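Here the structure comes first, spelled out in C-alpha cells, and everything after it is commentary.
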Amino acid sequence: MILPTTGIGMNSAIDDMNLIQQAQRHHLVVREIGEEIDLEIGPGEDDPSFGNTALNCPPLRECSTEEHGERKQMVVVSQLSNDTQDMSQTQQGKRKKKVVKRWREEWADTYKWAYVDVKDGTPRIFCSVCREFGRKHRRNPYGNEGSRNMQMSALEEHNNSLLHKEALRLQSASKDKIMADKPVYVKAGSILEATLKRDPHEVEFIQAVQEVVQALERVIGKNAHYVNIMERLLEPERMIIFRVPWVDDRGETHVNRGFRVQFNQSMGPCRGGIRFHPSMNLSITKFLGFQQTLKNALSPYKLGGAAGGSDFDPKGKTDNEIMRFCQSFMCEMYHYLGPDKDLPSEEMGVGTREMGYLFGQYRRLVGHFQGTFTGPRIFWSGSSLRPEATGYGLVFFAQLMLADMNKELKGLRCVVSGSGKIALHVLEKLIAYGALPISVSDSRGYLVDEDGFDYMKVQFLRDIKAQHRSLRDYSKTYARSKYYDEAKPWIERCDLAFACATQNEIDQSDAMNLVNSGCRILIEGSNMPCTPDAVQVLRKANILVAPAMAAGAGGVVAGELELNHECSLMNWSPEDFESKLQEAMKQTYQRAIKAATDFGYQKESPEALVHGAVISAFLTIAQAMTDQGCV
C-alpha cells in the first residue's frame with residue numbers, strides 16, 4: 001500500500017527518486033506514481049477493435065512543483081502485518097518490471113507512431129501502423145521486460161522503419177482531412193504492410209507499390225472496396241522462372257536465369273517488354289510488369305501487362321552467341337506466348353537483332369507465322385516508325401504540357417539522360433521542334449555539347465553506340481563538347497529534363513541539382529526514374545513531372561497498331577503514324593488530367609499528372625476486375 005506520509009522509508013524513497021531522475025533524463029513528466037502497469041506483455045496479436053483509434057493521445061497536463069514534492073514524500077508504510085509486508089515485497093520486486101502509465105502516454109506523444117489503449121483491462125502502447133504491442137517492438141524479445149532504455153531504443157528503431165514513415169506521411173498528406181473521419185492510413189498502410197511481409201526483399205517492386213498506393217489515397221478513402229482490388233492486383237497472375245543454358249563460341253556452357261511475369265490480363269492479352277541486363281531479377285521483373293499493366297490500361301488501346309527477361313548481358317557477345325542464347329530462352333518461353341495470351345516487345349538490351357532471333361525460334365517451335373511480337377523489322381509486319389514511337393511520344397507529351405502553359409518547345413534548353421533508342425529519338429524530335437538538346441549519358445558518365453545536337457551529330461552518336469564505343473569519342477570530334485566521368489547530366493542548366501536511362505537514376509542530390517539548374521518540367525522516359533526522396537524534392541520545388549506510364553505510352557500505341565489486323569497489312573507513312581501517335585498521346589494526357597481534377601488535385605500542382613495517371617489506370621483495371629469476379 002502506498003500512502004503519503006512524513007516518515008521516511010529509505011528503500012522506497014530511493015526507488016521513487018530513481019524514477020524521477022530517469023524521467024528527467026528522458027525529458028518526461030512523472031505523475032501518479034501509484035498508478036502502474038505491468039510490462040510483462042503478451043504475444044501482441046492484432047486487435048481489430050483498434051482500427052479507428054487516434055494516432056496520438058491528447059496533450060498532457062504539466063505537473064506542478066507541489067505535486068513533485070508530494071511524490072517525493074511517498075513511502076511504503078513499514079508498520080504493516082506480515083501478510084501485507086510480503087505483498088509489498090512482491091510489489092517492490094516487480095517494480096523493476098513496471099512503468100508509470102503516464103510515462104507511456106508521454107512516449108506515445110513523443111514517438112508519434114504510437115498510441116495508448118486498453119487491452120484485456122490493461123493499458124498498452126500500440127503501433128499505429130500494424131496495431132501490435134509488446135515484444136514485437138523490442139530489440140530483444142527475451143530481455144529485461146522492464147528496461148525503459150530497451151523500450152525506448154526499440155521504439156526508435158521502429159520509428160525509423162519504412163512502414164512507420166509511410167504512416168506519418170499518409171497521416172499528413174490529405175489536405176481535405178479525409179483521415180479525420182476515415183483512417184485512410186490504415187487502409188493504405190495495410191496494403192503496403194502486406195507487400196512488405198510477403199516480398200520483403202523485392203526493393204524495386206515495393207517502391208513501385210508505395211508510389212501507386214500514395215497516388216490512390218483519395219480513391220481508397222472514398223471506396224474501401226478498392227483495397228481488396230488492390231490486394232489482388234499486386235499479386236501477379238503467374239510468375240515463370242526458368243533456366244537458360246547456352247554455349248559460347250569457345251564451346252563453354254553458361255547458364256542464366258529467365259523471367260516472365262504475366263501481371264494482369266483483365267484488360268486483354270498481356271503485353272510487355274523483354275529486358276536482357278545483368279541486374280535483372282524477380283523484383284525488377286515484377287516492378288516492370290506492374291508499371292506496364294498500369295501503362296497499358298491508361299493508353300487508348302486496352303491490354304494486360306507483363307514483363308520479362310534475363311540476367312544475360314548482351315554486351316561483348318557475338319551475334320552467334322546472342323542467337324544461341326535467344327533460341328534457348330525461347331525454348332521455354334514459347335509455352336506462354338500467343339496472340340491471345342502474351343505479346344513480348346523490346347526493352348533494355350533487346351533490340352531488332354534480339355527480337356529477330358526470338359521470333360525466328362518461336363515461329364520454328366509453334367509451326368506457323370503469328371504476329372505476336374511487336375518491334376520486328378518493318379518487312380515482317382507493322383508500322384514503319386515502331387522504334388521511334390516511345391521517344392517521339394515523350395516529346396509530344398512535353399509539348400502538350402507546355403501548350404497548357406502557353407509555351408512551346410522552340411528555343412528551350414533540354415538535358416537528356418541515356419543514349420539508347422529512346423534517348424536518341426527524343427533528341428531527334430526535339431531538334432525537329434526547335435529545342436536545344438545538349439546531353440546524353442551512359443553507365444560511366446555523361447556527354448554535354450554546349451552548341452546542342454543536330455541531325456548529323458545524332459547520327460554520329462548512333463554510329464558510336466552501334467560500334468560499342470564510348471561517348472567520350474564524341475568529344476574528340478566536336479571541340480565544344482565534353483565528357484564527364486562518373487557524373488550525371490542533371491547539373492547542367494536546362495528548362496526541361498528527359499530521364500531515359502533506367503530506374504532510380506535520379507536520387508535526392510540529383511533532384512536538388514535539377515532544381516538549382518532551373519528545370520521546370522521532368523519527363524520520365526524510363527520506368528520509375530526517381531527515388532522517393534527525389535520525388536519529394538521535386539514536388540517541394542513545384543517541378544512538374546510527366547509520369548512514365550502516361551508519357552511513355554507511345555510504345556503501347558505503336559504496338560497495338562502493329563497488331564491490328566487491318567494495319568498489319570500495310571506500312572504507315574511517317575506523317576500518318578505521327579498523326580495517330582499525337583492523337584493517342586493527347587487522349588492519354590487528357591485522361592490523366594481529368595482523373596486528377598476529379599479527385600481534387602489542382603491541374604497546376606506538381607503531383608497532378610502523376611496521381612491522375614495512376615488513378616485513371618487503376619479505376620479502369622478495377623472496373624474490369626470487378627466485372628469478372630474474384631478470379
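Counting begins at 1 with the first residue of the sequence. Bear in mind the structure is a predicted one, so any value in this text is a computation, not a measurement.
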(message) Tell me whether Arg364 at atom CZ has more than 12 heavy atoms from other residues, nucleotides or ligands lying less than 6.0 Å away.
(response) no
(request) Evaluate the criterion salt bridge (charged side-chain N to carboxylate O under 4.0 Å, His left out) for residue pair Asp495 and Arg520; output intermediate values, then yes/no. (result) CA-CA 6 Å; Asp495 300 300; Arg520 301 311 308 159; over 6 Å; no
(request) Go through the side-chain N and O atoms of Tyr474 and Asp463 and say whether any donor and acceptor fall under 3.5 Å apart. (result) no
(request) Side-chain contact test, heavy atoms from C-beta onward, threshold under 4.5 Å: evaluate it for Met330 versus His335 and give yes or no. (result) no
(request) May I ask you to say whether Asp319 pairs ionically with Arg353, meaning some side-chain N is under 4.0 Å from a carboxylate O? (result) yes
(request) State whether a side-chain donor-acceptor pair under 3.5 Å links Ser526 with Gln503. (result) no
(message) Are Ser481 and Val448 packed together at the side-chain level, in the sense that at least one heavy-atom pair is separated by less than 4.5 angstrom?
(response) no
(message) Under 6.0 Å from the ring centre and within 45 degrees of the ring axis: does the NZ or CZ of Arg363 meet both conditions for the six-membered ring of Tyr334?
(response) no
(message) If I compare all heavy atoms of Cys530 with all of Glu524, which pair ends up nearest, and what's the gap?
(response) SG-OE2, 4.2 Å
(request) Compare every heavy atom of Met585 with every heavy atom of Ala550, then report the nearest pair and how far apart it is. (result) O-CE, 3.5 Å
(message) Any non-hydrogen side-chain atom of Leu216 less than 4.5 Å from a side-chain atom of His611?
(response) no
(message) Check this for me: does any side-chain nitrogen of one of Glu428 and Arg462 sit under 4.0 Å from a carboxylate oxygen of the other?
(response) yes
(request) Flag yes if more than 12 heavy atoms outside Ile543 fall under 6.0 Å of its CD1 atom; otherwise flag no. (result) yes
(request) Say whether Arg591 and Ser616, considering side chains only, have a donor N or O and an acceptor N or O under 3.5 Å apart. (result) yes
(request) Start with the C-alpha gap between Leu609 and Met401, add the side-chain angles, then the distance that decides, and say whether side chain to side chain contact (heavy atoms under 4.5 Å, CB included) holds. (result) CA-CA 10 Å; Leu609 271 173; Met401 296 175 68; 3.6 Å; yes
(request) Could you tell me whether Lys421 and Glu346 have a side-chain N and a carboxylate O separated by less than 4.0 Å? (result) yes
(message) Pairing donors with acceptors under 3.5 angstrom, does anything connect the side chains of Ser266 and Gln628?
(response) no
(request) Taking all heavy atoms of Gln265 and all of Glu237, pick out the closest pair and write down the distance. (result) N-OE2, 2.9 Å
(message) Other residues, nucleotides and ligands only: do more than 12 of their heavy atoms fall within 6.0 Å of CZ on Arg493?
(response) no
(request) Kindly give the heavy-atom pair with the smallest separation between Lys286 and Phe263, and that separation in Å. (result) O-CE1, 3.3 Å
(message) Restricting to non-hydrogen atoms, name the atom on Gly289 and the atom on Thr293 that form the minimum distance, rounded to 0.1 Å.
(response) O-OG1, 2.8 Å
(request) Would you please test His277 and Phe312 for side chain to side chain contact (heavy atoms under 4.5 Å, CB included) and show each step? (result) CA-CA 6 Å; His277 193 273; Phe312 171 78; over 6 Å; no
(message) Would you say Tyr433 and Glu408 are linked by a side-chain donor-acceptor pair, where the criterion is simply a distance under 3.5 Å?
(response) no
(message) Taking Asp342 first and then Arg271, would you say they form a salt bridge - that is, a charged N and a carboxylate O separated by under 4.0 Å?
(response) no
(message) How about CD on Gln602, more than 12 heavy atoms from neighbouring residues, nucleotides or ligands closer than 6.0 Å, or not?
(response) no
(request) Assess the pair Phe259 and Phe242: is the distance between their ring centroids shorter than 6.0 Å? (result) no
(request) Give the C-alpha distance, both sets of side-chain angles, the deciding distance and a yes or no for side-chain hydrogen bond (donor to acceptor under 3.5 Å, both in side chains) between Ser419 and Lys465. (result) CA-CA 8 Å; Ser419 53; Lys465 297 299 293 183; 3.1 Å; yes
(request) Indicate yes or no: does Glu450 engage Arg413 in a salt bridge with an N to O separation below 4.0 Å. (result) yes
(message) Let's go through Trp246 and Asn256 carefully: what are the C-alpha distance in whole Å and the side-chain angles of both, what is the deciding distance for side chain to side chain contact (heavy atoms under 4.5 Å, CB included) to 0.1 Å, and is it a yes or a no?
(response) CA-CA 8 Å; Trp246 60 281; Asn256 287 94; 2.8 Å; yes
(request) Considering only NZ, NE, NH1 and NH2 on the basic side and carboxylate oxygens on the acidic side, decide whether Lys429 and Glu578 come within less than 4.0 Å. (result) yes
(message) How close do Cys270 and Ala306 get, counting heavy atoms only, and between which atoms?
(response) CB-CB, 3.6 Å
(message) Less than 4.5 Å apart, side chain to side chain, heavy atoms only: is that true for Glu211 and Val610?
(response) no
(message) With heavy-atom distances below 4.5 Å as the criterion, would you say the side chains of Ser417 and Trp490 are in contact?
(response) yes
(message) Any donor-acceptor pair under 3.5 Å linking the side-chain atoms of Asn542 with those of Glu604?
(response) no
(message) Between Ile506 and Leu514, does the side chain to side chain contact (heavy atoms under 4.5 Å, CB included) criterion hold? Intermediate values first, please.
(response) CA-CA 9 Å; Ile506 301 176; Leu514 270 175; 4.2 Å; yes
(request) Find out whether Phe325 and Lys317 are in side-chain contact, i.e. whether some heavy atom of one side chain is under 4.5 Å from a heavy atom of the other. (result) no
(request) Would you confirm whether the ring centroid of Tyr357 sits within less than 6.0 angstrom of the ring centroid of Phe329? (result) no
(message) Against the six-membered ring of Tyr446, is Lys488 placed for a cation-pi contact (under 6.0 Å from the centre, within 45° of the normal)?
(response) no
(request) Determine whether Phe290 and Val212 make a side-chain contact, defined as any pair of heavy atoms from C-beta on separated by less than 4.5 Å. (result) yes
(message) Can you see whether Asp404 engages Tyr589 through a side-chain donor-acceptor pair at a distance of less than 3.5 angstrom?
(response) yes
(message) Run the ring pair (Phe, Tyr, Trp, His ring centres under 6.0 Å) test on Phe577 and Tyr392 for me, step by step, so that the C-alpha distance in whole Å, both residues' side-chain angles and the decisive distance to 0.1 Å come before the verdict.
(response) CA-CA 11 Å; Phe577 185 86; Tyr392 283 13; 8.4 Å; no
(message) Between Leu427 and Leu461, is there a side-chain heavy-atom distance shorter than 4.5 Å?
(response) yes
